[in-house]
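Order of the sequence lines sets the chain letters (A, B, ...), proteins ahead of strands, with each chain counted from 1.
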Amino acid sequence: MNCTRNRLPASTSHLNQRILHLKNGSGPTKVNDALQLFDEMLQRQPPPSIIQINQLMTLIVKMKQYSTALSLFKRVNMMGIPSDLYAINISINCHCRLNQVAYGFALLATLFKQGYPPDLTTYNTLINGLVLADRVFEAVELFKKLLIEKLCDPDQFMYGSVINGLCKAGHTIKAYELLRYMESGSCKPVVQYNTVIDSLCKDKMVDHALQLFTNMTEKGVLADVITYSSLIQGLCNFGRETEAARMLMDMEGKGVSPSVVTFNILVDSFCKKGSVKDAELAVQAMVRRGLNPDVITYSALIDGYCLRGEIDEAEKVLDGMVEKELVPNIITYNSLINGYCKKKRIGKR
DNA sequence: CTAGGGTTAG
């Protein structure tokens, strides 16, 4: 085996380091840093490899800058740097995220024309794109076609997208059946259990969700923080707080730590029931564990106080969140507006 | 040596 790395020019490894640095960094400057690095890259001589471009593009896509990524790819093309399957798959995903599945399929056609065979990721991305566009029926059709024509061997991602789509469209039972079908094959579900369990909870079939949870555990599939959070949410929504509390203890016992999301579910549930006091206690508990309340935590609390007409308390929470440099959003303000309206109505009586 | 899926607030 030859050692390619040693033969790369120094500048290339420097570039790789900067990409790596961007990957681990964070903050608002990150997007600009990535774009600046991209500009520098394109001005280099010799031009960067498509691999390096794809790496940087992946970062830009992770920052949800889909249209930026697409226009950058356009520039890359115009510079005469040839595209590859990875680049096209990334572009397809960008179009799908921008709700332009049709363009995604157009790129599929380009792949065929250029004699590149699409791969599993290409199809996964397109199926997921159809699901994102609420075209679940077409997603299922494409999935079936790929199976029947043996165009690819579905993996976790493909099953995941179709199962997710079926759940979103309210066909939880169909999703459940597909999960069972998946289990019968070589591709073992993990995340897919979570999707179906959450959907069963949202469909008010909490007991079925609990049953599926038991099933997965018996099969040796480990429930994670998302599984437990979904179940806790389901139980809380139907007044089964005692069981939710037991579930919280159960997860801790299994070594799964509740996350900010788990606590947010509890905080919101207490607030909706009108017991903001308990919600505040839950917030204290999460802080004690070193978890930082976020915009969702504070918004849920604000809504809780507003529902009770305690607008002064809501304002205190708002001040508290601004002190923590958290930015209230449209949902936060909506609760406050509702709170003010409520107060006004009561005042008029 | 780069692409794709699951949980929370109005």
Side-chain angles (χ1 to χ4, degrees), chain A residues 4-5 16 19-20 23 48-62 69 83-94 96-97 104 118-129 131-132 139 154-165 167-168 175 179 189-199 201-202 209 223-234 236-237 258-269 271-272 279 286 293-304 306-307 317 321 328-339:
Chain A
T4 324
R5 187 149 40 119
N16 288 341
I19 293 174
L20 201 71
K23 213 179 211 165
S49 68
I50 188 69
I51 294 174
Q52 285 178 321
I53 291 171
N54 289 341
Q55 277 177 327
L56 190 48
M57 225 48 114
T58 303
L59 287 179
I60 294 172
V61 169
K62 289 229 165 84
S83 213
D84 68 353
L85 185 57
Y86 279 82
I88 293 179
N89 283 343
I90 298 173
S91 302
I92 292 178
N93 185 37
C94 289
C96 289
R97 299 280 165 177
D119 65 359
L120 191 54
T121 301
T122 318
Y123 289 122
N124 284 349
T125 310
L126 285 167
I127 286 179
N128 192 45
V131 168
L132 286 173
D155 65 354
Q156 301 228 16
F157 290 99
M158 188 169 283
Y159 280 111
S161 292
V162 179
I163 287 174
N164 182 32
C167 287
K168 258 184 36 179
L179 179 72
V190 181
V191 165
Q192 293 72 16
Y193 273 108
N194 289 348
T195 313
V196 177
I197 284 176
D198 185 62
S199 190
C201 286
K202 298 223 158 71
D224 65 8
V225 62
I226 297 184
T227 327
Y228 284 107
S229 299
S230 294
L231 287 168
I232 289 172
Q233 159 103 300
C236 285
N237 278 345
S259 66
V260 173
V261 175
T262 320
F263 277 104
N264 284 348
I265 289 167
L266 291 169
V267 169
D268 182 52
S269 174
C271 286
K272 287 215 172 71
M286 75 192 276
D294 61 8
V295 186
I296 297 184
T297 324
Y298 284 106
S299 299
L301 271 180
I302 287 173
D303 192 54
C306 287
L307 286 173
V317 178
M321 84 182 273
N329 62 25
I330 184 78
I331 299 181
T332 326
Y333 287 120
N334 210 336
S335 295
L336 281 164
I337 292 169
N338 284 340

Backbone N/O of A:Ile50 and side chain of A:Asn54: donor-acceptor pair under 3.5 Å | yes
Looking only at side-chain atoms of A:Asn89, point me to the closest of B:dA3, B:dG10, B:dT7.
-> B:dA3
Indicate whether OP1 or OP2 belonging to B:dT8 is found under 4.0 Å from a side-chain N or O atom of A:Lys202.
-> yes
For A:Asn338, which contact category applies under a 4.0 Å heavy-atom criterion: base, sugar-phosphate, or nothing?
-> sugar-phosphate
Let me know the distance between CD1 of A:Ile296 and P of B:dA9, rounded to the nearest Å.
-> 7 Å
Listed partners of A:Tyr159 passing ring pair (Phe, Tyr, Trp, His ring centres under 6.0 Å), at least two apart | A:Phe143
Between B:dT7 (C1') and A:Ile163 (CD1): distance, integer Å = 16 Å
Figure out the CE/P separation between A:Met286 and B:dT7, and round it to whole Å.
-> 19 Å
A:Gln233 has a side chain; which of B:dT7, B:dT8, B:dA3 sits nearest to it?
-> B:dT8
Among A:Asn237, A:Ile232, A:Leu231, the one residue meeting side-chain contact (heavy atoms from CB on, under 4.5 Å) with A:Cys201 = A:Leu231
Tell me: CG of A:Leu307 to P of B:dA9, nearest whole Å?
-> 13 Å
Here the distance between atom P of B:dA3 and atom CG of A:Leu56, to the nearest Å, is 12 Å
What is the distance from CD1 of A:Ile265 to C1' of B:dT8, rounded to the nearest Å?
-> 5 Å
OP1 or OP2 of B:dA3 under 4.0 Å from side-chain N/O of A:Thr58 | yes
For A:Tyr228, the ring pair (Phe, Tyr, Trp, His ring centres under 6.0 Å) test, sequence neighbours excluded, returns A:Phe213
Considering just the side-chain nitrogens and oxygens of A:Lys272, establish if one lies under 4.0 Å of OP1 or OP2 belonging to B:dG10.
-> yes
So, for A:Ser335 and A:Cys306, which heavy atoms are closest and what is the spacing to 0.1 Å?
-> O-SG, 3.4 Å
Side chain of A:Asn334: nearest nucleotide among B:dG10, B:dT2, B:dA9?
-> B:dG10
Interatomic distance where CG belongs to A:Asn329 and P belongs to B:dT8 [whole Å] | 16 Å
Which nucleotide in the list B:dA3, B:dT7, B:dT2 gets nearest to the side chain of A:Lys62?
-> B:dA3
Does any N or O donor sit under 3.5 Å from an N or O acceptor when you compare the side chain of A:Asp268 with the base of B:dA9?
-> no
Using a 4.0 Å heavy-atom cut-off across all strands, classify A:Ile90 as base, sugar-phosphate, or nothing.
-> sugar-phosphate
Atom CD1 of A:Ile197 and atom P of B:dT8 are separated, to the nearest Å, by 14 Å
Base, sugar-phosphate, or nothing for A:Ile127, non-hydrogen atoms under 4.0 angstrom?
-> nothing
